[in-house]
Structures are given as C-alpha cells and as structure tokens.
Chemist: 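Okay, handing you the structure first.
Proteins get letters first, then strands, A, B, ... in listed order; numbering begins at 1 in each.
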Amino acid sequence: MNKYENLGSYDPSQIEEKWYDFWETHGVFHDEPKEGAEPFSIVLPPPNVTGQLHMGHALDGTLQDILIRYKRMQGYNVLWLPGKDHAGIATQVKVEKQIAEEGLTKYDLGREKFLERVWQWKEKYGNTIGRQIRKLGSSCDWTRERFTMDPVCARAVREVFCSLYEKGLIYQGNRITNWCPRCQTALSDIEVEHEDEIGHLYYVNYPIVGEDGYVQIATTRPETIPGDTAVAVNPEDERFQSLIGKKLLLPIMNREIPVIADEYVDPKYGTGCVKITPAHDPNDFAVGERHDLESIMIMNLDGTLNENAGKYNGMTREDARKQIIADLDEMGLLVKIEETKHAVGHCSRCHTTVEPMTTKQWFVKMKPLAGPAMQAVKEGKTKFVPDRFANTYIQWLENIHDWCISRQLWWGHRIPVWYCDDCGKTIVSRTDIDACPHCGSHHIHQDPDVLDTWFSSALWPFSTMGWPDQTDLLKKWYPTSVLVTGYDIIFFWVARMMFMAMEFMHEIPFRYVFIHGLVRDSQGRKMSKSLGNGIDPLEVIKQYGADALRFTLVTGNTPGNDMRFYYERVEGNRNFANKIWNAAKFTIMNLDDYDESFVPAKEQYTLADRWILERLAQTEEYVSQNLDKFELGEAADSIYNFAWNCFCDWYIETAKARLYGEHNDDRRVTQYVLVYTLTRMLALLHPFMPFITEHIWQHLPHTGECLARAPWPKADPELRFPEEEEQMERIMDAVKAIRNMRAEAHVQPNKACAVQIAVDREDLRQAVDAHRAYFEKLAHVETLTLLSKDAPKPDNALATVVTGMEVYLELRGLIDADKEKARIMKDKAAAEKEIERTEKKLANEGFLAKAPQAVVDKEKAKLATLKEKLASLDERLAFLAKL
RNA sequence: GGGGCUAUAGCUCAGUUGGUUAGAGCGCUUCGCUCACAUCGAAGAGGUCCUGUGUUCGAGCCACAGUAGUCCCACCA
C-alpha cells in the first residue's frame, strides 16, 4: 500500500476550484506589513464594472500573478491590491441601454432612481468579475479590495480636487471641447478616436458687401455656416491683401462678417480663405480669441441646430448639411464639391461623431503637472518595460493640453463645487455644505456634473491605501513595485497616475511599468463585440483549465508586443500540464517505501542524477534571472523544456532501470532525486501554473502548508555537476545515434540490438561502461561492446560518429553498402563544410588578433573535434569500399 | 505631417548586450497502443533570417536607404 495518495487522471476543472478556496480561506494571499521584510506590491488595474472580463484582463492578471507569486515565494512582504472601477461613462451607457429595454430613459427615472439602478448593476457585475479573477488563479488580497467609489477613494478624490483648485491648477472655463451629442457630455481629447473618412469639401462663395465679387471658401462642415463670424486669410497672402478688413455677407443668414488676417491659415490649402466658426471648431476658437470675435453656438447639446441657425432650427446635423447645400446651390453660391479624406472624431464609447462645442467645463492645468511626471521617467525613477514606451509617454506629456475633467453624467464622483443662488459665489469644499459660507444663504446648489472616471483612477495607487492618512499600508507598500498594463492605456491612466502621485505624494507611484500588448484573434484582428470574435477566458478555462490558459498567455511572445490567440496553443499547454501530471503520477507510484529522512551522500548520485541536478540548477538560475528581467515567456519556456525534454524524456526513463533494479540504494537515491527534482520543478512552475502544481505538491512528501508559500528554489552550489552533465550529454548523443540508425535500418522498435562503441576519452569510456543500463533501457541495446579507438571495427554494422565516440549498430542481415555509404557521405559533407568555415575563420589574421581568446579557443576545439569526426568517417568509407 | 512596432521553417513565434552547424510549439512524413502519459513515445523532412549598401576579423542581431504590413499621435478648413 502506497503511503502517498496517487493521482487519478488529469482534470483541471476538478482541482482548480478546490485550491483557490484553500488559498483564500487560509489567508495565503494576505500579508500584514512586516518589519524587516522587503516589500513587493502591485495594485491591480481595476476592471470596469461594465460587464465581463475579456482576454486582455486574463493576460494582465496572469502577468501580475506570476510576479506576485514569485515574490511571495521568495519571501517578500507582498501586497496585491485588487479592485474595480466605476467607469463613469461606460457603465452609464450600459445601464441606459438596459432601462431603454424597459422603454425608459434616465430622465424618466430621475437622477436618484437612475443611480440606484447603476449601483444594482455594479453589485451584479462587480461580483461576476471577482469570481472571474479567482477562476484565473490571481492571488489578490481580497481583504483589501477597493472600488473607485468607496468612501476612502471618494475622500481622496475630493482632497485632490480641492487642493488642485486651491493651487490654481483646476479652473472652470467656457471653452471649446469635444462633445458627444449622444452621450451628451464633454469628453477629453483622448476619449476621441480619429478615423479617416471620405468626406466632401464644399466650395462656397461669400459675397463681398458693397462689391460684386465673392470670396470663395472651402469647408467640410457646411452645417456650421450659421455660426460663422469671420473669414480669415493669411496676412502674407498677396492675393487677398485688399480683402482684409472688408465685410462679407454670410449666405443664408444674411449677416455681415469681417475678413480678418491670421497666420493660422495655410495659403496653399483649399482656397486660402477659411470660414471661422469659433463656437464649433477648436482652431476657429483660437482665432476667435485672438481677434475677439463673437462666438455663436448654433447647436443644441443633442447635436440638432438651435434657434441661432435660423430656418435650420431643429434639424439634425446631417439634415442641416443637406439642406444648406441645397439652398446654397439654389442661390448659385455653391461652386463645387470635391471628395476629400479627412480625420473625423468619434466618441470612444458610442462611436457617435464628436461635435466640438463651446461649453462651461472644469479643466486641470497640465503644464505644471506634466514636468515632474516626465522628470521621474527621464531620471529613471520609474522605468518602462520595454523602455521604448517611455518615449511615447514623454512625447505625449510634452504636447499635453489641459484636461477637461467634468462630465455631464450622473454616474461618478460628483464635482465638489456649490454655487450660491443669492450671492453668486462659487464654493469648493471638501465636505458637503448646505449653506453658503459667504452669505449664509441656503439657496445653494451643487454642480450637477461628475468627474472624468480617470480622475479617480489617477489616484488609485495611493487612494486605495488610505491616503491622505499616513496609513501602515502606504508606509509599507508605497510606492508600488510594478504596474502591469496594456500600452493602450498609457495616456489614459499611467501618465495621470504619475503626475497625480508626483503632485500629492511627492514620490513616484511605481518603480516599473510593465507594458504588454493586446490579445488578438487567430487572424490578428482585435477582439471586439462588433466583430463577434471575442474569446471568453472562462470558456477556455472550462475546456482546458486556467493553468493551460495562463501558460498560453505568457509564452510565445515578448513584452510589449501583441499576441494571437490560438486554441491549438492552449491545447498544447493543457497537454504539457498533463505531462507534468503523469510524471508526478509515476513518481508517486514509486514511493511506497519512500524514506523521508533519507538524504543521499553526494557520492551516491549516479550519472543521470548528477545530470538532472545540474540541469535543474541551471534552470533555477535561468528562471529567476528572466523573471527579474520581466522576461516571463523566456522563463516559462525554460521550465517547459526542462520538465518535458529533460525530466520526462530522459531522467524518468533512466530512473526506471534503477527503481526496479537490484540495488536498494539505487532505488532510494533515485526516489530522492525524483522527489527533489519534481518538487523544485513544481515550485518553479507554480507562478505560471498555480493549480496543478499545488495539487501535485500536496500529494508529494512535503513540509509546509502549501506550495504557494513554499520557498522559491535557489540553485544549490553543492549539487552542481558540470562535468557529469557533459558526459551524460555525450551518452545521450550516442543513444540518439543508435535510435536513428535503428529507424534507418527499419529495426523493429521492440527488437533488441547489438552495439559497439569505440571511445578513447577515458572519462567517457568509464561513464559508458558504468551505465550500460541506459543503452539497454533507452535504445534497446542487448549487448554493448566497448572498443578502443584503434581496435578493428565491426563489418556488418551501421556507423555514426558523435562527439568523442564512434557508434556501431550491428545488423543481422547484410548491410546495404551503397545506402550506408550515402548516409556517411552526407555526414561527411556536413562536417567538411563546417571544417572549411572554421579553417577559414582561423586563417583570418584579423580574427586571431581581435576576437576574444575564448572565442578563438572555441573555434580551435571545434575544428579538432570535426577533424576527428572526419577521420572516422573517412575510415569508415574506406572500409565500406572494400566490401 | 510626425513617431513606434513588425518582417526568421507551411502556421504562430523565440533568438538575452555581434562569435550556435539559426531554435521551439503546432502542422507534415515514417514507425510504435513498451507496465507515468496516444493529451504519448521514437525517427525525420522543412529556412536566400524582407531587399540593398555599409560598419566589423565576424551581422539574424549594429548603421543608413528602400519595400511591405500594422499601430499610435497630430487643429490643416
């Protein structure tokens, strides 16, 4: 009876749930701030409570979890703080859609009732998201979970708003901003997506007052003509010098407007004359300010034209455009229409064409804030990985415009500003007020608007830790160690966290920004709802397990680059998990007499033991090095290779002979090495595949509560065997050569064969001699004869020359001399080609003089080996010729 | 108009500061259900490292130019 419970067959769905519950209920993910322990902290980019997690979240979460689990095992004092984002406009749009299905609008419900509905939504989807994150295996500290509208966060938002206002860094202004007529709110610049569209350039004549002539302008948006208050020309433009100062009759409106000179106009584009509509175009707005022009709003907030548009009052933008063109045509003022490609702005949420509008909004003055944020990155206090993203970040901040932070929405942090209806004063307050502090009036009302959702996100690294109080969390874990996020939100979020942190914490928010790309579909397209090509991570987990999904997301690409998602790859990684599972099953199956107290003396390790221990140590070093460099894919790859190609394919195979052999010590040592190697391999793999590794670990002999809290493997200097590793590699080469010849000669796989090996390196000779069992087990060799290098060679055999050895496979029947000759010739040609290259290199004086000695020596050694090989091959050919 | 990224096997991608006989997974071919695993094992085929020029003793890697694809930023009516 085995004292260790063995594994059944691998079924991820059966083990994953169980271990997450275990970890969570045992507080494995929760650390208290500890004196003397190095901190490591990450704040989870809070997913929007709009709905479900997508593959991007799965990637983001996997990368973070790998770093967190790695550091936790290394003994760091770890905090991974999860949370969710209220996602103002996005969530509001969702809920509006939901109530629209009931035939209601938000106005039917009113602000309060509507917000109740949004909170219900938040509860529902917020919980779903929490479950999804757990399914992925993310080891967040749920006891410290935050929501951007939690009271602590709200307090931080108020503090920051008021403080910035007091410093003069937040101001209110009637300025032109991007306006979404569907959402009916202002948007910041980066919430507008520009897309090239084919539009029309309309050439229109504006009659000159008191003369017969016209001034010809060109516009893509004729519907804004009613709002024109000037026509501008370039002051240097000789064609139009005489026009400057004259009046034009604005068609349709029959209003007189001046011709002005402004350098903004490019004489080479269009007609060189530009209609100026200050209320509805950002450039024109600037021109209007310079020339003190009137600004006429001709649109309502829903994008229809208003009473200032005269007869077009009430029309939609689209209808007004058609009608105005028709009318101009009728008046004979429409000269021509050309097709033109131009960038049109769309609302990033609902894709409605954005309308520049002049409205009263709140802004953050960006120039003073951007400086320190850029400085921190330039000085390397915060590092981007890969570092090229630092450039995009800095370039953006260098050209930053003021940030419009007010939104005409209901869902979000209400702007903490009150207006007194009696004395007209504006009151900015950290606490809610019910009376005007200036005149005592109770006739006050709060600003109806809310803040851009990114305003609260910008404070996330410190608001979640209780700022403005100096909490223990902040003391221990701020600044955070690394922020993991996609390149698509560097502007929205990363940059803003940086400047807010520099302003309020006087310290960076994170030491590293680890940037990843997008997860695309198998054809390289962005996953999107409209294309219907999105893949639900939960579906994948259900089918293949979270471990396989995680491994897929972390391998096969490099930091910062997009990746394509293939089910084939997930399947392959599920197979890898299955492989690990079965290796463990094999190990456990052979532990019935396992002695936990037994530790082999160093000299008891046999060749294969030493080989796998050396490879393990190398892998341990390599994995840590790469994790430290954020090269997670490279780290994962090396574990995969070690587990499959070293441990399973070779070590386990050699172990079989010794487990079932005569010598009791062999068995005990082998058991020890199997358990030792497997356990450490599982530890290395744990950050990547937490579930299966924990499950197996719990079934193996172990000390400690769980693998998630087990120490991270560090290469043991006492168990390094570089020489034996090399010898084992030579033996493996010989085994592969035998297998190859067997296949070529169509020897039945289960048929035993006779092999002779000529070897003159003494250490190798001994190694081969002592480990004949490997050849029996791995290549079905029945009799193995060792020859000295100059001994007569077998006649009826195939031959292969590997480094340090000539390997002969004896055949029962006669060999086909021609075929064999051809085989040897192929080897010879390859060797000759390589010899030629190497000799040429070594004949090059420049190479000998300038290349490092080590490189030269390596080439020399290579040449010697090759020549030896060539000699052996020639000898064999000569022999064959005699047959 | 600026800027980034990508180009390596049929497909998807690695290639760690310039020195390998250029690698992996999948796919493909041949063989094998051998007592951990057919979600497997063994053997094998398959590459003008986008093109050109240059730097260097030496280039898949560095520089310049070009081609193709892709993304971001930008107020040209």
Side-chain angles (χ1 to χ4, degrees), chain A residues 6-7 9-10 190 194 201 217-221 232 264-266 268-277 281-286 340 342-343 356 388-389 391-392 395-396 399 487-488 490-491 517-518 522 524 526 544 555-558 560-566 568-569 571-590 622 625-626 629 631 633-634 637 640-641 645 648-649 652-653 656 660 736 739-744 746 748-750 778-780 830-831 833-834 837-838 841 844-852 854-856 858-859 862 866:
Chain A
N6 212 334
L7 306 163
S9 55
Y10 176 53
I190 51 177
H194 292 274
L201 193 56
I217 59 98
T219 179
T220 53
R221 295 196 304 151
Y264 148 70
V265 180
D266 177 359
K268 293 190 285 292
Y269 189 87
T271 61
C273 303
V274 186
K275 68 192 264 313
I276 301 296
T277 322
D281 183 282
N283 297 309
D284 296 5
F285 182 84
T340 182
H342 62 143
R388 66 170 184 271
F389 290 105
N391 297 332
T392 37
Q395 276 172 24
W396 186 71
N399 303 307
Y487 60 68
D488 50 335
I490 291 175
F491 304 148
L518 269 40
S522 60
K526 218 166 161 170
Y544 298 100
T555 52
N557 92 323
T558 32
N561 292 327
D562 292 352
M563 68 183 324
R564 296 188 191 203
F565 189 89
Y566 283 89
E568 290 89 329
R569 291 194 56 233
E571 195 181 325
N573 290 320
R574 189 272 322 266
N575 293 353
F576 172 56
N578 185 60
K579 188 77 179 171
I580 300 283
W581 181 274
N582 279 297
K585 199 164 153 183
F586 169 83
T587 302
I588 294 169
M589 160 189 302
N590 287 291
Y622 194 72
Q625 278 167 18
N626 279 289
K629 287 190 295 186
E631 291 281 355
E634 189 68 10
D637 237 32
Y640 182 100
N641 176 54
N645 304 120
C648 292
D649 285 351
I652 285 186
E653 292 309 319
K656 284 175 184 171
Y660 312 137
K736 286 183 217 169
R739 287 170 173 174
N740 181 323
M741 288 185 286
R742 289 181 60 118
E744 296 244 357
H746 300 293
Q748 288 298 314
N750 50 3
L778 303 173
H780 281 281
K833 196 176 144 201
E834 201 46 37
R837 270 172 58 154
T838 312
K841 216 179 226 182
N844 185 330
E845 306 242 339
F847 176 72
L848 293 175
K850 295 188 184 173
V855 175
V856 177
K858 205 173 140 195
E859 288 298 318
K862 189 169 110 188
L866 282 164

Chemist: Pick base, sugar-phosphate or nothing for A:P356, based on heavy-atom distances below 4.0 Å to the nucleic acid.
Modeler: nothing
Chemist: Check whether any side-chain N or O of A:Y269 sits under 4.0 Å from OP1 or OP2 of B:C76, and answer yes or no.
Modeler: no
Chemist: Can you see if the side chain of A:R564 gets near the phosphate of B:U12 - specifically, an N or O under 4.0 Å from OP1 or OP2?
Modeler: yes
Chemist: Just how far, in rounded Å, is C1' of B:U21 from CG of A:L866?
Modeler: 9 Å
Chemist: Determine the contact category for A:T271: base if any of its heavy atoms lies under 4.0 Å from a base atom, sugar-phosphate if only primed atoms, P, OP1 or OP2 are that close, otherwise nothing.
Modeler: nothing
Chemist: Taking the cut-offs as 6.0 angstrom to the six-membered ring centre and 45 degrees off its axis, would you call A:K585 and A:Y10 a cation-pi pair?
Modeler: no
Chemist: Nearest whole Å is fine: how far is B:G3 C1' from A:I490 CD1?
Modeler: 13 Å
Chemist: Nearest whole angstrom, please: distance from the P of B:A24 to the CG of A:N641.
Modeler: 9 Å
Chemist: Out of curiosity, A:E859 CD to A:N844 CG, how far, rounded to the nearest 0.5 Å?
Modeler: 11.5 Å
Chemist: Taking the minimum atom-to-atom distance to the side chain of A:N740, which one of B:U21, B:G3, B:G44 wins?
Modeler: B:G44
Chemist: Can you tell me how far P of B:A77 sits from OH of A:Y264, to the nearest Å?
Modeler: 8 Å
Chemist: What interatomic distance, in whole Å, is found between C1' of B:U51 and the corresponding atom of B:U29?
Modeler: 34 Å
Chemist: Tell me what A:R837 touches on the nucleic acid: a base, only sugar-phosphate, or nothing, going by heavy atoms under 4.0 Å.
Modeler: sugar-phosphate
Chemist: Sticking with atom P, work out how far B:G4 lies from B:A65, rounded to a whole angstrom.
Modeler: 11 Å
Chemist: By nearest heavy atom, map A:I190 and A:T219 onto RNA chain B; which one lands nearer the 5' end?
Modeler: A:I190
Chemist: Base, sugar-phosphate or nothing for A:Y622? Non-hydrogen atoms, less than 4.0 Å.
Modeler: base
Chemist: Checking side chain to side chain contact (heavy atoms under 4.5 Å, CB included) for the pair A:N283/A:V274: CA distance, chi angles, key distance, verdict?
Modeler: CA-CA 11 Å; A:N283 297 309; A:V274 186; over 6 Å; no
Chemist: With nearest nucleotide decided by heavy atoms, which residue, A:R739 or A:H746, maps closer to the 5′ end of RNA chain B?
Modeler: A:H746
Chemist: Rounding to an integer number of angstrom, what distance separates B:C73 and B:C13 when you compare their C1' atoms?
Modeler: 29 Å
Chemist: When the P atoms of B:U21 and B:G10 are considered, how many whole Å apart are they?
Modeler: 23 Å
Chemist: Looking only at the side chains, is there a donor atom on one of A:E571 and A:Y566 sitting less than 3.5 Å from an acceptor on the other?
Modeler: no
Chemist: How many Å lie between CG on A:N557 and P on B:U12, as a whole number?
Modeler: 14 Å
Chemist: Would you sketch RNA chain B in dot-bracket for me? Only Watson-Crick or G-U wobble pairs with both distances under 3.5 Å count, crossing pairs as [ ], other-strand pairs as |, the rest as dots.
Modeler: (((((((..((((.....[...)))).(((((.......))))).....(((((..]....))))))))))))....
Chemist: Verify the neighbour count for atom CD of A:Q748: are there more than 12 heavy atoms of other residues, nucleotides or ligands below 6.0 Å?
Modeler: no
Chemist: Which whole-number value in Å describes the distance from A:N391 CG to B:G3 P?
Modeler: 12 Å
Chemist: Side chain of A:K862, heavy atoms from C-beta onward: which of B:A77, B:U21, B:A14 has the nearest atom to it?
Modeler: B:U21
Chemist: Looking only at the side chain of A:K841 (C-beta and beyond, no hydrogens), which of the listed nucleotides B:A14, B:U12, B:U20 gets closest?
Modeler: B:U20
Chemist: Of the nucleotides B:C13, B:A43, B:C72, which has the atom closest to the A:F491 side chain?
Modeler: B:C72
Chemist: Please state the C1' separation for the pair B:G69 and B:A59 - nearest whole angstrom.
Modeler: 25 Å
Chemist: Would you give the length of the straight line joining atom OH of A:Y487 to atom CD1 of A:I490, rounded to the nearest 0.5 angstrom?
Modeler: 9.5 Å
Chemist: In whole Å, what separates the P atom of B:G18 from that of B:U8?
Modeler: 22 Å
Chemist: Ring-plane angle category for A:Y640 and A:F576, please: parallel below 30°, perpendicular beyond 60°, tilted otherwise.
Modeler: tilted
Chemist: Just how far is it from atom CE of A:M563 to atom OG1 of A:T558, taken to the nearest 0.5 Å?
Modeler: 9.5 Å
Chemist: With a 4.0 Å cut-off on heavy atoms, is A:K629 in touch with a base, just the backbone sugar-phosphate, or nothing at all?
Modeler: base
Chemist: Between B:G60 and B:G47, how many Å separate the two C1' atoms, rounded to a whole number?
Modeler: 11 Å
Chemist: Going 5' to 3' along nucleotides 32-41 of chain B, which nucleotides have protein heavy atoms under 4.0 Å from the base (write B), which only from the sugar-phosphate (write S), and which from neither (write -)?
Modeler: ----BB-BSS
Chemist: In this structure, how many angstroms lie between the P atom of B:A14 and the CG atom of A:N626, rounded?
Modeler: 14 Å
Chemist: Work out which heavy atom in A:S522 is nearest to a heavy atom in A:R564; give both atom names and the distance.
Modeler: O-NH1, 3.4 Å
Chemist: Just how far is it from atom CZ of A:R837 to atom NZ of A:K862, taken to the nearest 0.5 Å?
Modeler: 6.5 Å
Chemist: With a non-hydrogen cut-off below 4.0 angstrom, is A:T392 in contact with a base, only sugar-phosphate, or nothing?
Modeler: nothing
Chemist: Give me the distance, rounded to whole Å, that separates B:U20 from B:U34 when you measure between the C1' atoms they each carry.
Modeler: 35 Å
Chemist: Expressed as a whole number of angstroms, how long is the span from A:N844:CG to B:G58:P?
Modeler: 7 Å
Chemist: Nearest 0.5 Å, what's the CG-CD distance between A:L848 and A:E845?
Modeler: 7.0 Å
Chemist: Of the candidate nucleotides B:U16, B:G44, B:C72, which contains the atom at the shortest distance from the side chain of A:E634?
Modeler: B:U16
Chemist: Quick one: pull up CD1 in A:I276 and OH in A:Y264 and give me the separation to the nearest 0.5 Å.
Modeler: 6.0 Å
